[in-house]
Structure formats: C-alpha cells, structure tokens
**Student:** 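Please see the structure below; I have some questions.
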Protein chains: 2
Amino acid sequence: MLTKSSTELVRQRNSVLVLSVLRRHGALAHTEISDFTGLSSATISAITADLERAQIIEKSEQQAASGRGRPRVLLRQRRDCGYLIVVIISSDAVQYSLVDYAGKLIDRFSEERSRDPSGAARFVAAVQAGLLRILDRSRISQERVLLISISSKGLVNSTEPVLLWSPIFGSDQIDFESALRPEWQAKVILDNETLLVAAALGAREEIAKGADFRSLAALSLGHSIGLGIVRRGGQTGQEISAPNFGHMLHMAGGGLCRCGTRGCIEAYAGFYAILRSAFEVPLDTIPAKFVPVVELDKIAARARQGLRTSAFAFRQAGLALGNGLSRMLSLTERMPIAITGPGTRYYDLLRQGIEEGLGQSHIVRMEGMPEIRVVPDEPILVFEGHLNRALSVIDQDIVLSGGQGTD
Amino acid sequence: MLTKSSTELVRQRNSVLVLSVLRRHGALAHTEISDFTGLSSATISAITADLERAQIIEKSEQQAASGRGRPRVLLRQRRDCGYLIVVIISSDAVQYSLVDYAGKLIDRFSEERSRDPSGAARFVAAVQAGLLRILDRSRISQERVLLISISSKGLVNSTEPVLLWSPIFGSDQIDFESALRPEWQAKVILDNETLLVAAALGAREEIAKGADFRSLAALSLGHSIGLGIVRRGGQTGQEISAPNFGHMLHMAGGGLCRCGTRGCIEAYAGFYAILRSAFEVPLDTIPAKFVPVVELDKIAARARQGLRTSAFAFRQAGLALGNGLSRMLSLTERMPIAITGPGTRYYDLLRQGIEEGLGQSHIVRMEGMPEIRVVPDEPILVFEGHLNRALSVIDQDIVLSGGQGTD
DNA sequence: GATTTTTTTCTCGACAGTCGAGAAATTAAC
DNA sequence: GTTAATTTCTCGACTGTCGAGAAAAAAATC
C-alpha cells in the first residue's frame with residue numbers, strides 16, 4: 001500500500017540526510033554539506049538552524065583559517081546529545097560499551113557469562129546489572145541513553161527485540177523489550193551478530209564502490225554458523241536480513257545438531273561437528289556443549305599433515321557450507337561472500353569442500369563461482385555494525401521526535 | 001545511500017497514489033479519492049486538474065444522481081491514454097493480450113510455439129510478428145503502446161528484460177530489450193511467471209487483510225517448478241522476487257535434471273521426474289523433454305489405487321518440495337505458501353511428502369508448519385499479476401514523464 | 001413554486017519547504 | 001589601505017499541502 005507524502009516528510013528526510021552525511025564525514029562546513037547532500041545552501045541553513053536550536057548539532061570553535069576568504073564554520077553533532085549502549089552477547093562473555101552520539105567509545109568492559117544452563121532469567125538479571133554498571137562508571141543518568149543495541153548469535157524476531165532461539169539458551173525466548181521497559185525509556189533493538197557483520201561490510205563496500213554496490217553476504221564460522229545478507233534498498237538505504245542459515249537443512253536425517261534436529265548445516269560445519277567427525281564419533285551422538293579452539297587447532301594441524309580422517313572432517317564441513325551457500329544463491333541474486341569468524345583460520349582446509357559444494361548446483365554452474373573473500377577480524381565488524389545501525393536509528397528517532405521535544 | 005527529497009517528489013508520489021487508488025476502486029468521486037488517500041480535498045483538486053490536463057484521467061458523464069445534494073463527478077482513467085501488451089510464454093504456446101489503460105482486455109490470441117530446438121532466434125522473430133499482429137487486429141498504432149509485459153518460466157535478470165535460463169531454451173539467453181528496441185519505443189519488462197502469481201496473490205491478500213499482510217510464497221508445480229515470494233515493502237508497496245527454486249540443490253549428486261545438473265528439486269518434483277521415478281528408470285537417465293499430462297494422470301490413478309512404485313514417486317517429489325520449502329523458510333521469515341499450477345491435481349499424493357520434508361528442518365519444528373493452501377487457477381493469476389504490475393509501472397512512468405509530455 | 005437541507009466540488013489564504021541570487025562577512029594577497 | 005576570494009546568510013519566488021468556507025446542484029419540505 002502506498003502512503004501519502006507531505007512537505008513535512010520532505011523536511012524530515014532531508015534532516016536525516018544531513019545528519020547521516022555529518023555522521024559519515026565528521027564535522028563539515030555549510031558548503032560541504034550542500035555538496036554531499038545535493039541540497040541548496042539555503043536549505044542547509046534552514047535545516048542546520050533547526051537542528052542547532054534543538055541542540056542536536058553545534059557550531060565548532062573557529063579553527064585556524066585554512067585558506068583565504070571567510071573562515072568556515074564547522075558543524076558537528078553534539079557529543080552529549082545522547083548516549084548509546086552496545087551489548088554484545090557471545091558464547092562466553094557479555095561485552096558492554098558506552099558510546100556517545102558522535103560514535104566515540106567512552107567506556108567498555110566485559111563480564112564472563114556464567115555457563116550454567118539455568119539460564120534465561122538469571123541472564124536477564126545480569127544484563128540489567130551490567131547496563132546499570134556501565135552507566136554508573138561514567139556517571140551518566142539513565143534518561144540520557146537513547147538506544148540500547150544488543151546482538152547475539154541465533155534467531156531474532158524481525159520486528160521486536162526478542163531472541164527466539166540461540167545456541168546458548170536454546171528455545172528459551174528472551175524478550176529484551178519487556179525485560180528493560182519498566183526501568184529504561186531507551187529504545188531497545190536486537191540484531192543477529194552476523195547481520196551486523198554484513199551491515200558493516202555493506203557500508204564499507206558502499207563507500208568504496210558507491211552505486212555499483214548491490215548486495216553481499218557475510219558467513220560467520222565458529223561454534224555456530226551465521227549468515228547475514230545486505231542488499232541495497234530503494235530509498236531507505238540498505239536492507240538487511242539474518243536468515244537461520246546455520247540450522248538450514250543440509251541433509252535430511254543427517255547428523256544430530258545441538259538444536260535437536262538432524263541434518264542442520266551446523267551439524268556438519270560447526271566446531272563441535274568438525275571435532276565429532278574427526279574423531280569418527282557416530283553422527284547421532286549428542287554434541288559437545290563447548291569446544292576449546294585449541295582442540296580444533298590440533299585437528300587442523302593433523303589435517304595439514306595429511307591425516308585422512310581430520311582432513312575429511314574439514315572437507316565435509318566445507319561441503320555442507322558450499323551446498324548451503326549454493327541454496328542461498330538459488331534464492332537470491334549472485335553476490336560476493338565474505339567469510340568471517342574464528343573458523344577463518346581453517347579456511348585453507350575448508351576451501352576445497354566449499355567450492356565443490358557450491359559447484360554442485362545449477363546456479364553456480366551457470367553464473368560461475370561467486371567471489372569469496374576472507375575477512376578475519378569479526379569482533380571489529382560486529383561493533384562497527386552496531387554503530388552504523390544504532391546511530392542511524394538514533395538520527396531517525398531524533399528527527400522524528402526531536403523537533404517538538406525541545407521547541 | 002539516502003537521497004534528497006523535494007516538493008516535486010511529494011507531488012509525484014501523491015499523483016501516483018491517486019492513480020493507484022483509481023485503479024483499485026474504479027471510477028471515484030472527488031471525496032472518495034480524498035478518503036482513500038488521506039489527502040485533503042484541495043490537494044485532490046490540484047492533482048486531478050493536472051492529470052486531466054495531461055489527458056490521463058477524465059470526468060465521466062453525469063450519471064443519474066444517486067442521492068440528494070450536488071451530484072458527484074466521477075473521475076476515471078482515460079482508457080485510450082495508452083495500451084499494454086501482455087505476452088505469456090508457456091511451454092507449448094505464446095499468448096498475446098492487448099489491454100487498455102484501464103485494465104480492460106481488448107483482444108487476445110494464442111500462437112502455438114513450434115517445438116523445435118533451433119529456438120531462440122526464430123522465437124524472437126515469432127514474438128515480433130505476434131506483437132505486430134495483435135496491434136494490427138485492433139488498428140492501434142505502435143507508439144500508443146506504453147508497455148510490453150512478458151512472462152516466462154525460468155530465470156530472469158532482475159534489472160533488465162533478459163531471460164537467462166528457461167526450460168524451453170536452456171541457457172540460450174534472450175534479450176527482449178534489444179530484440180524490440182529498434183521498432184518499439186514501449187518499455188519492455190520481463191518477469192518470472194510464478195513471481196506474477198505471487199504478486200497477484202499478494203495483492204489479493206493485501207486487500208483482504210490490509211496491514212496484517214506480511215509476506216507470501218507461491219509454489220507452482222508442473223513440468224518445471226517455480227517459486228515467487230512477495231513481501232510487504234516500506235514505501236514502495238510490495239517487494240517481489242523469483243528465486244531459482246526449481247533448480248535449487250535438493251540432494252548433492254542426485255537425479256539428473258533437465259538443466260544438466262544433478263540433484264535439483266525439479267529432478268525429483270517436475271512431471272518428468274515423477275514419471276521417471278514411477279517407472280523406476282535410473283535417475284541418471286536424460287529426462288523426457290515433454291510429458292503429456294494424461295501420462296501423469298495414469299500414474300496418479302495407480303498411486304491412488306495403492307500401487308507402491310507410483311505412490312513412492314509422488315512421495316519423493318513431495319519430500320524434495322518440502323525440504324526445499326523448509327530451506328526457503330530458513331532463509332526468510334515464516335510465511336504462508338500457496339501451491340498452484342497443473343500439479344495441484346496431485347496434491348493429495350504429494351501432501352504427506354511435503355509435510356514430512358518440511359518437518360525435517362529446525363525452523364519448522366520450532367515455528368510450526370507454515371500455512372499451505374492450494375490455489376488451482378494459475379493462468380488467471382498470471383494474467384492478474386501482469387496487470388497489477390504492468391499498470392502500476394505505467395502509472396509511475398506517466399507521472400514521471402507525463403507532466404512535461406503534454407504541457 | 002419557493003425555501004431549506006444536504007452533499008459535493010472548487011477556491012482562497014495560510015503555512016512549510018526548496019531554490020537561486022545576491023548581500024554580508026571575513027581573511028589573504030597585493 | 002584596497003582588492004580578491006571564499007563562505008555564510010538572507011530574501012523573494014515558486015511549489016506543495018491543508019483547512020475553511022463559498023459555490024453548485026439536487027432532494028426534501030412547506
């Protein structure tokens with residue numbers, strides 16, 4: 001259904017546009033904003049005057065005049081306009097980061113996650129405590145936090161911040177919205193971790209390639225398998241989705257997965273699955289909860305020395321990934337694939353299987369092998385994705401509500 | 001990347017909105033348009049005056065006054081504002097339809113497709129002749145045709161009207177744009193057939209459910225297997241995609257498919273595959289080019305009588321479909337599935353396999369079985385999808401260019 | 001038949017947004 | 001001190017939407 005348009009909408013959109021340009025390029029002068037946005041100088045004056053009145057941006061101190069002419073007045077976001085808390089949930093710890101409105105990291109700490117299965121309720125309490133702690137450490141009051149951005153591996157509700165299934169808590173669902181709502185008035189968003197990786201890579205790609213960028217998939221290899229897809233969208237920038245790739249069916253009736261189903265991709269390509277396969281444990285054995293990376297390193301070393309069973313385990317993992325990727329490509333368009341996560345250190349062993357698995361499908365035989373690149377530093381990408389996404393959400397919200405809020 | 005907004009854009013969007021409301025509800029009075037769009041009466045006056053001046057809509061003759069008060073002046077699209085040609089390519093024929101701007105069918109005929117493999121070049125010539133013929137029969141000049149909307153089974157380029165792979169011509173690509181460009185100034189669009197089915201069902205669903213509608217998949221069963229997905233999009237209405245589902249990998253190294261690859265879904269669920277399986281022909285046999293439906297009816301009859309091998313063939317087909325659908329659901333969100341095409345007559349035999357195939361995946365075990373409905377009348381849906389899509393494209397183009405065109 | 005009521009369409013002034021041009025500000029260079 | 005260059009700001013013109021009320025026209029009522 002189409003919706004009606006109005007002049008206020010025009011202003012809102014252009015305000016968001018100005019903020020996003022400021023975000024991407026840092027402090028900018030009047031004329032530069034005009035150049036980047038394509039808006040006329042007069043419009044920039046009007047919009048920036050509004051934003052300044054609403055205390056969202058500020059004029060920077062006169063800096064040493066760089067050239068001749070009237071010195072430029074730089075505009076920048078007010079750092080203290082509001083704060084963002086990033087919560088990254090990983091298998092063994094939870095990392096809290098406090099970030100200001102300009103995207104600068106103010107404080108960060110990690111808390112080990114007690115690896116006890118009683119789980120969900122206690123975990124929520126720990127997160128609540130962690131959030132209060134990071135605020136307290138920087139002496140920032142709760143109502144100045146505009147957004148709490150959470151990420152986890154697993155399956156996430158697309159509209160509400162509800163964790164539907166995760167490798168940690170299984171199908172014990174966690175609704176962060178209702179868990180934090182009474183205390184916090186900040187908006188809460190939850191994203192799949194690999195989706196954020198894809199978002200970050202997509203943003204980088206768009207800066208590098210500009211209009212040529214179409215789409216990209218990020219594949220994260222580790223204890224569990226994640227996939228994020230980012231596509232260039234019409235008006236609204238980029239569109240991203242985080243399918244349930246790790247638990248997509250690889251082979252009916254196949255190996256037993258942590259999730260209790262048989263034949264998931266993860267049951268072949270997850271770290272525990274590679275271990276299970278390397279030791280020739282029956283495929284219906286209940287898989288290990290956690291596998292130290294050193295264990296896998298040992299298997300990899302043996303595989304590189306030519307040990308059959310070890311090499312076979314990696315090959316099987318590669319095949320499962322390749323087949324799965326080929327299925328993904330059958331359902332979308334051709335796109336490059338970026339591989340991240342701790343599993344990238346075994347890419348030499350996985351590669352042949354992945355390529356063979358990809359090559360078994362019609363789409364790859366027809367369109368050729370997709371471009372595959374290895375991008376090792378996953379944690380950086382996750383945080384970068386958080387910032388990209390969270391700050392643009394904040395910009396949007398501020399423009400939508402901010403006009404009235406301070407006027 | 002965000003783009004700037006302007007007041008002209010507002011007018012364009014709202015003009016398109018008015019046209020789309022007119023399209024959905026037929027001739028409407030001033031006030032009704034205002035109600036449906038949410039725009040004020042004054043705005044409607046301004047927009048309709050523009051559109052009338054551009055000869056896109058017209059005031060209808062005074063009809064018998066229905067109630068008291070000033071009689072309403074109905075506004076409707078001018079039928080003669082332009083024409084649309086719909087070309088539906090099926091395995092044995094090509095159907096040409098001439099439609100006016102109001103969506104009314106003016107003329108239609110089918111031409112048998114010579115089933116000779118020399119193919120592509122001769123086929124393009126036949127289409128060119130067919131297009132000229134349908135114009136000639138109604139004595140409409142070529143430049144009055146605004147859009148040629150073509151559909152086929154197979155894989156289609158998402159941005160240009162190029163048929164990349166089809167069951168008929170294999171990977172002999174056909175570029176309809178360049179084939180028709182010198183003679184025709186009309187825009188040419190090409191869509192996958194099942195995508196249009198999905199679009200039509202999505203539009204119906206949106207009318208029925210309104211904002212509750214989220215997404216839907218259409219699965220077409222026949223000689224080949226097609227899938228279309230429609231999702232409710234942000235501003236621009238609906239978003240549709242037609243994955244290469246029929247040739248998604250079902251089982252690595254499996255049965256030989258028409259496309260030359262092994263293990264495609266179609267190699268288990270296409271009509272030829274069911275035939276092959278029922279007669280226990282080895283799975284690496286090169287499949288029949290064309291299977292008369294009566295042959296399949298016979299197998300179905302035997303299956304219903306309890307013949308093992310026949311029932312097994314349908315069951316295998318169902319399993320391949322179910323597994324494939326579960327993989328699709330792992331990569332998207334939960335959505336209802338509408339099954340169409342000639343294969344629906346065997347749904348009783350396929351059903352158990354489909355449900356079992358679906359149930360083998362984590363996502364279905366967790367979220368439950370998706371809603372499956374059978375919608376038999378595929379050809380009607382294909383045409384309806386053509387109209388929905390083509391006419392809204394025409395509306396868009398007219399508003400974009402029309403303003404200057406006649407002023 | 002004249003008047004009132006009801007309904008629909010049209011028009012006018014107010015307001016918001018963008019744009020181009022030119023004025024104002026400010027510094028470097030001469 | 002004057003001129004040139006550069007940036008910011010302001011003004012008037014234009015386009016768009018909206019709300020209110022005038023105008024139009026038929027049905028209902030007296």
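FYI, side chains are in, hydrogens and waters are out, and symmetry mates aren't considered; it's all heavy atoms of this structure. So that the names make sense, note that chain A is the first sequence line, chain B the second, and so on, each numbered from 1.
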**Student:** Grab the CZ-P distance between R13(B) and dT17(D) for me, whole Å please.
**Tutor:**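 Rounding to the nearest Å, CZ of R13(B) and P of dT17(D) are 12 Å apart.
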
**Student:** Can you pull every protein N or O that's under 3.5 Å from an N or O on nucleotides 14-16 of chain D?
**Tutor:**
from: dG16(D); atom 1: O5'; to: R11(B); atom 2: NH1; distance (Å): 3.2

**Student:** Quick one: the side chain of S41(A) and the base of dC19(C), do they pair up donor-acceptor inside 3.5 Å?
**Tutor:** no

**Student:** Whether D50(A) and R11(A) form a salt bridge (side-chain N of Lys/Arg under 4.0 Å from carboxylate O of Asp/Glu) is what I want to check.
**Tutor:** yes

**Student:** L22(B) and Q77(B): which non-hydrogen atoms are nearest, and at how many Å?
**Tutor:** O-OE1, 4.1 Å

**Student:** From the list dC18(D), dC10(C), dT10(D), which nucleotide is the closest neighbour of the side chain of S45(A)?
**Tutor:** dT10(D)

**Student:** What's the CG-P distance between L74(A) and dT7(D), to the nearest Å?
**Tutor:** 11 Å

**Student:** Ignoring hydrogens and geometry, is there a side-chain-to-backbone donor-acceptor pair from R23(A) to D395(A) under 3.5 Å?
**Tutor:**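 Here the side-chain-to-backbone pair does not exist.
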
**Student:** Taking K104(A)'s backbone N and O only, do any of them form a donor-acceptor pair with D100(A)'s side chain (distance below 3.5 Å, no angle check)?
**Tutor:**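 Judged by distance alone, yes, a pair lies under 3.5 Å.
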
**Student:** Is it true that T31(B) and S34(B) share a donor-acceptor pair across their side chains at a distance under 3.5 Å?
**Tutor:** no

**Student:** Using the six-membered ring of F176(B), assess whether NZ or CZ of R181(B) lies under 6.0 Å from its centre and within 45 degrees of the ring axis.
**Tutor:**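 Not satisfied by the 6.0 Å and 45° rule.
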
**Student:** Rounded to whole angstroms, how far apart are CD1 on I47(B) and P on dT9(C)?
**Tutor:**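 Result: 15 Å.
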
**Student:** Quick one: does NZ or CZ of R231(A) land under 6.0 Å from the six-membered ring centre of F213(A), within 45 degrees of the ring axis?
**Tutor:**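 No, R231(A) does not sit over the ring of F213(A).
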
**Student:** Please state how far atom CD in Q12(A) lies from atom C1' in dT18(C), giving the value in whole angstrom units.
**Tutor:** 16 Å

**Student:** With axes from five pairs an end, tell me the bend angle of the helix from dG1(C)-dC30(D) to dC30(C)-dG1(D), nearest 10°.
**Tutor:** 30°

**Student:** Considering non-hydrogen atoms only, spot the tightest contact between V99(B) and I106(B) and give its length.
**Tutor:** C-CD1, 4.2 Å

**Student:** What is the distance, to the nearest angstrom, from the CD1 atom on I57(B) to the C1' atom on dT9(C)?
**Tutor:** 14 Å

**Student:** Is E58(B) paired with R76(B) through a side-chain N to carboxylate O contact shorter than 4.0 Å?
**Tutor:**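 No.
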
**Student:** What's the closest nucleotide to the side chain of K59(A) if the choices are dC9(D), dT8(C), dC19(C)?
**Tutor:**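 Taking heavy atoms from C-beta onward, the closest nucleotide is dC9(D).
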
**Student:** Distance check needed: dT8(C) P versus L28(B) CG, whole Å only.
**Tutor:**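 For the pair L28(B) CG and dT8(C) P, the rounded distance is 13 Å.
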
**Student:** When the nearest nucleotide of DNA chain D is assigned to A46(B) and to E32(A) on a heavy-atom basis, which residue is associated with the more 5' position?
**Tutor:** E32(A)

**Student:** Among dT8(C), dT10(D), dC9(D), which nucleotide sits nearest the side chain of H30(A)?
**Tutor:**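 In terms of side-chain proximity for H30(A), the closest of dT8(C), dT10(D), dC9(D) is dC9(D).
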
**Student:** Find the distance I44(A):CD1 to dT10(D):C1' and express it as a whole number of Å.
**Tutor:** 15 Å

**Student:** Take atom CD1 of I33(A) and atom P of dT8(D), then tell me their distance rounded to the nearest Å.
**Tutor:**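 Spelled out: CD1 on I33(A) to P on dT8(D) is 9 Å.
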
**Student:** Touch check for A29(A), heavy atoms < 4.0 angstrom, all strands: base, sugar-phosphate only, or nothing?
**Tutor:** sugar-phosphate

